[in-house]
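Just the heavy atoms: all of them, side chains too, but no hydrogens, waters or symmetry mates, feed the values below.
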Amino acid sequence: MARTFALQPDDPNTVAEPSQADMNEAEALIAGLNEAQAEAARTTEGPVMIVAGPGSGKTRTLTHRIAYLLAAKKAWPSQILALTFTNKAAREMRERIVKLVGAEQAKGLWMGTFHSIFARLLRREAEHIGFTKDFSIYDTDDTERLLKNLMGRYGVDPKKITPRAVRSRISGAKNQMVTPQEYLRLAADPFEEAVAKLYGPYVEALRRANAMDFDDLLAWPIRLFEQHPDVLAQYQQRWKYLHIDEYQDTNRAQYLLAKMLAAKHQNLSVVGDDAQSIYAFRGADIQNILSFQKDYPEAKTIRLEQNYRSTQKILKLADAIIKNNTGQLDKDLWTDNAEGDHVVLLEALSERDEAQKIERTIRDLQIRYGLGNRDFAVLYRTNAQSRSLEEALRRGGIPYRIVGGTSFYQRREIKDALAYLRLVVNPQDEASLVRAINTPTRGIGAKTMETLRSYANATGLSLWQAAQQPEEAGLSSRAAKAVEGFTFMIARHAAKVETTPADELARELIQASNLMQALRDENTPEALVRLENIHELLNAVAEFAQSGENATLSAFLQEVSLVADVDNLQADDNRVTLMTLHASKGLEFKVVFVAGLEEGLFPLSMAAQDPKELEEERRLFYVGVTRAEELLFLSFARSRYRYGESQGAIRSRFLDEVQAEDVIRTESGRAFQAKTGRFSLDDGDGFTQARSTSGSRTRRTADYAQIDPHYYRQSLRPDAPKPSRRSTGDDERQIVYDEGEVAIVPGVRVQHPSFGSGKVIALEGTGDRTTATVFFKDVGQKKLKLKFARLQVLG
DNA sequence: AGAATGGACTTTTTT
DNA sequence: AGTCCATTCT
């Protein structure tokens with residue numbers, strides 16, 4: 001039957017009562033769901049919270065719910081808003097809905113991340129808040145550059161207080177809707193005072209630049225809605241049904257937006273898992289999901305507890321992990337899936353060894369089970385860990401792909417090119433002006449820029465305007481000419497923005513900028529890669545320009561600022577995936593490795609200090625483990641490079657606190673033994689005390705066979721020479737001696753005059769600056785400078 | 001003004 | 001080990 005309503009997307013009021021036929025059709029769409037999922041899909045009116053464990057089909061449920069709404073004709077597509085965590089999730093959801101109800105019926109649905117949806121909204125409403133629709137979007141890199149600039153002018157020393165710290169504090173303040181004035185009033189310590197000094201000027205700088213940072217994309221809509229209730233009313237009317245995926249990761253601003261928008265119809269349904277909340281550092285507030293029922297007393301709570309993804313053993317481990325946290329919402333995960341193989345714990349000598357074991361295991365499983373590269377993912381805590389894994393995979397000839405790290409749009413050459421494009425669209429964009437004006441070098445140095453800036457300050461002009469009057473600004477004729485050449489080039493292209501197709505304009509402009517010529521002249525392999533990247537960017541512009549009617553350059557730039565690296569993950573690309581645990585959320589793989597399970601790394605030593613952060617790390621572990629469908633490997637290394645030197649490591653407490661020893665096996669198939677009382681003397685870490693053999697600052701290479709003859713049975717590299725005692729190979733462990741005879745080395749028990757007895761977890765630095773992280777039984781973890789701490793080695 | 005060199009510092013996770 | 005920055009050299 002022909003349904004035409006999807007073709008009149010903006011007609012707000014006329015949705016007919018569903019006929020019996022419509023309802024039958026809607027029911028047919030959700031026939032494949034389980035009982036709880038179907039109930040969630042059917043509960044279309046009023047607030048609903050779907051509490052769902054990993055692998056329980058929550059996205060599927062959300063998708064079917066939307067399809068159900070459409071089929072039952074409860075709403076036009078344009079009346080449905082779905083907010084997801086990544087663009088990828090939104091894209092997949094849209095694809096599935098298209099499959100369910102057809103492309104015509106799905107057309108006009110609003111789906112995307114909070115940031116992209118509200119960027120779109122701000123584009124429409126920009127003039128209400130004094131921006132133009134062509135505003136630039138500053139990512140963290142842009143933001144930190146801008147801040148650094150401001151720090152110079154406001155006398156804050158970037159050595160003592162890093163732009164990153166300031167950025168993160170300001171971001172927090174914006175999330176909480178704290179204004180610069182309020183912040184200034186509340187500032188309590190020197191750091192906060194410094195932030196307070198910068199916060200106001202930072203906000204003004206963004207405004208002058210017609211630019212928004214990520215937080216603004218959420219904060220400005222809130223302000224807009226507060227100041228213009230009529231605009232809010234319009235969107236409340238438009239979006240009759242609101243869906244939020246990964247609700248546990250929403251921050252205060254997102255919470256407020258959801259509340260404002262849902263106020264009229266109250267049809268807010270959220271999906272989330274408090275056990276998977278891993279973005280508190282970014283302002284995510286787990287309370288949003290924990291107190292949903294309080295915020296919306298009418299709300300119906302539906303639990304999805306059946307897991308369709310993982311084997312029983314994997315699930316059992318996951319459950320045992322999360323049990324160590326307090327205060328989760330009640331959930332009882334279960335699965336009909338097979339029992340599955342044991343979770344395997346890989347123990348390695350060094351990070352290199354760890355990577356090699358992973359690589360070998362991948363090859364082995366591929367042969368044994370005929371798995372493809374795409375079936376594997378290696379997850380780790382920090383991006384820096386990817387290097388050793390990459391090397392091993394490259395050596396083994398296994399194609400891989402890295403998600404995250406520096407993504408395409410963060411590369412220097414791409415940001416340079418983007419700066420030109422942004423500037424042409426939005427000449428007020430000062431950060432882009434500063435970036436582009438002397439890249440490639442065209443004789444406009446620091447002094448010239450200083451002159452321009454003080455002229456701008458004195459006259460109240462923007463930097464761009466000042467740059468257009470170089471002589472009045474007092475520049476030498478040579479400098480003035482250089483600046484003029486630049487401004488003319490930008491202005492010439494800016495004049496054509498409205499009339500020229502985006503790709504053509506971009507191509508011409510980049511050509512005129514000489515960016516590519518400079519790279520060609522450099523003629524190094526790296527420069528040629530960069531050149532290729534710029535070509536790729538121009539292709540992306542072209543592709544975008546041909547994609548639709550509103551495909552302007554300015555729209556391209558805004559969109560591009562908001563793509564995450566995971567968004568580009570393609571399943572048809574047959575490669576092993578390497579990524580951080582954070583990036584893995586929402587994904588699944590047949591075989592998963594969680595690497596680097598070491599104290600100080602996972603959990604990170606910073607996080608281990610604070611129980612709250614420690615719980616978040618644990619949830620992160622939980623997220624990683626539950627990505628696995630069939631096989632799960634956990635690994636740790638006994639030494640790892642950090643700050644350019646190898647440091648000893650002990651395995652993560654996460655391995656030993658877990659009450660599921662029976663699901664874990666070692667590599668050789670033996671039972672896994674958790675270490676209880678790991679901070680007691682007899683902890684079986686396998687560290688023997690090193691003896692000083694030649695003077696007071698002897699180093700000992702890591703002859704692991706000596707440390708624990710049993711743990712490492714077969715040689716990995718039978719042909720490799722045995723590490724000599726003098727070797728400075730990469731398995732070397734840093735050892736520092738105090739005045740006495742005995743080494744202070746990670747794993748060793750020490751006595752402190754006031755803190756009592758404890759255990760060394762990590763060492764950092766060298767010489768007088770050597771700092772030990774020690775876990776004391778009574779007072780917890782402390783960082784101590786060895787020079788001062790007078791530690792006595794016990795035993 | 002710009003390139004080259006040497007030293008300090010670094011690593012949390014990201015829309 | 002790599003990156004960023006300040007200083008020095010051209």
Side-chain angles (χ1 to χ4, degrees), chain A residues 83-90 112-119 137-141 143-145 148 158-159 162-165 167-168 171 174-175 212-218 246 249-251 253-254 277-284 351 379-388 391 403-407 409-410 412 438-449 476 478-479 482 518 522 559 561-567 579-585 596 600-608 613 616-617 619-621 623-624 640-647 730 764-765 769:
Chain A
L83 297 162
T84 60
F85 192 74
T86 61
N87 290 304
K88 178 174 185 263
T113 61
F114 269 94
H115 289 86
S116 64
I117 292 289
F118 287 102
I137 298 175
Y138 284 3
D139 64 15
T140 49
D141 185 66
T143 301
E144 282 174 24
R145 278 162 180 267
K148 210 173 146 205
K159 283 262 168 57
T162 63
R164 170 179 301 189
R167 197 248 311 143
S168 119
S171 169
K174 283 190 177 181
N175 280 171
M212 304 217 183
D213 63 19
F214 284 142
D215 304 308
D216 287 337
L217 293 175
L218 305 175
E246 310 280 19
D249 286 321
T250 50
N251 63 26
Q254 290 164 326
S277 158
I278 53 173
Y279 281 105
F281 71 91
R282 205 173 69 185
E351 58 186 336
L379 312 180
Y380 38 78
R381 180 62 240 267
T382 66
N383 282 307
Q385 286 167 258
S386 69
R387 177 158 300 155
S388 52
E391 276 168 21
V403 180
T406 37
S407 74
Y409 289 105
Q410 285 169 359
R412 202 177 65 212
N438 204 30
T439 319
T441 55
R442 42 173 79 86
I444 304 171
K447 219 178 131 209
T448 306
M449 289 309 286
S476 70
R478 192 161 127 201
E522 225 181 286
E559 201 159 293
S561 315
L562 298 172
V563 291
D565 217 35
V566 227
D567 295 337
M579 63 187 153
T580 63
L581 289 143
H582 281 90
S584 76
K585 191 155 76 160
L601 183 64
F602 192 25
L604 280 168
S605 50
M606 305 231 234
E613 286 183 45
E616 178 145 318
E617 296 277 305
R619 289 194 292 268
L620 194 54
F621 187 30
V623 167
R640 185 172 295 275
Y641 268 96
R642 250 184 153 178
Y643 312 117
E645 52 193 345
S646 176
Q647 303 197 340
D730 57 301
E764 289 167 69
R769 290 178 314 167

Nearest-Å distance for atom pair CZ/C1', residues A/R642 and C/dA1 = 14 Å

For atom C1', what is the distance between B/dT13 and C/dC4, given to the nearest Å?
-> 22 Å

OP1 or OP2 of B/dT12 under 4.0 Å from side-chain N/O of A/T580 | no

List, with names and distances, any nitrogen or oxygen atoms from the protein found under 3.5 Å away from nitrogen or oxygen atoms belonging to nucleotides 1-5 of chain B.
from	atom 1	to	atom 2	distance (Å)
B/dA1	OP1	A/T448	OG1	3.1
B/dG2	OP1	A/G443	N	2.6
B/dG2	OP2	A/N438	ND2	3.2

Is the aromatic ring of A/F281 within stacking range of B/dT13, meaning centres under 5.5 angstrom and planes under 30 degrees?
-> yes

Spacing between A/Q647 atom CD and C/dA1 atom C1', to the nearest angstrom = 13 Å

For C/dC5, does OP1 or OP2 lie under 4.0 Å from any side-chain N or O of A/K148?
-> yes

Hey, what's the ring geometry for A/F114 with A/F118, parallel, tilted or perpendicular (30° and 60° as the breaks)?
-> parallel

Nearest to the side chain of A/H582, which nucleotide is it out of B/dT14, B/dT11, B/dT15?
-> B/dT14

If you measure from the Lys or Arg side-chain nitrogens to the Asp or Glu carboxylate oxygens, is any gap between A/K174 and A/D213 under 4.0 Å?
-> yes

Which part of the nucleic acid, if any, lies within contact of A/L604, taking any heavy atom under 4.0 Å across all strands shown: a base, the sugar-phosphate backbone alone, or nothing?
-> base

A/S388 versus A/E391, side-chain donor and acceptor atoms under 3.5 Å = no

What does A/K88 touch in the nucleic acid at a heavy-atom separation under 4.0 angstrom: a base, only the sugar-phosphate, or nothing?
-> nothing

Using whole Å, report how far CG of A/N87 lies from P of B/dT15.
-> 9 Å

Assign A/D215 to base, sugar-phosphate, or nothing according to its heavy-atom contacts below 4.0 angstrom with the strands shown.
-> nothing

Tell me: CZ of A/F214 to P of B/dT13, nearest whole Å?
-> 16 Å

Using 4.0 Å as the upper bound for N to carboxylate O, is an ion pair formed by A/R381 and A/E617?
-> yes

Measure from the side chain of A/R387, starting at C-beta and using heavy atoms only, and say which of C/dG2, B/dT11, B/dT14 lies closest.
-> C/dG2

Could you tell me whether A/Y279 contacts a base, only the sugar-phosphate backbone, or nothing, with contacts defined as non-hydrogen atoms closer than 4.0 Å?
-> sugar-phosphate

Would you call the rings of A/H115 and A/F214 parallel, tilted or perpendicular, where under 30° means parallel and over 60° means perpendicular?
-> perpendicular

Please figure out whether A/E613 or A/Q410 has its closest DNA chain B nucleotide nearer the 5' end.
-> A/E613

Across the strands shown, which category fits A/R381 at heavy-atom distances under 4.0 angstrom: base, sugar-phosphate, nothing?
-> base

What's the spacing between A/M212 CE and A/Y138 OH if we round to 0.5 Å?
-> 12.0 Å

Starting at atom CZ of A/R145, determine the distance to atom P of C/dT3, rounded to an integer number of angstrom.
-> 14 Å

Under 4.0 Å between a side-chain N or O of A/N383 and OP1 or OP2 of B/dT13?
-> yes

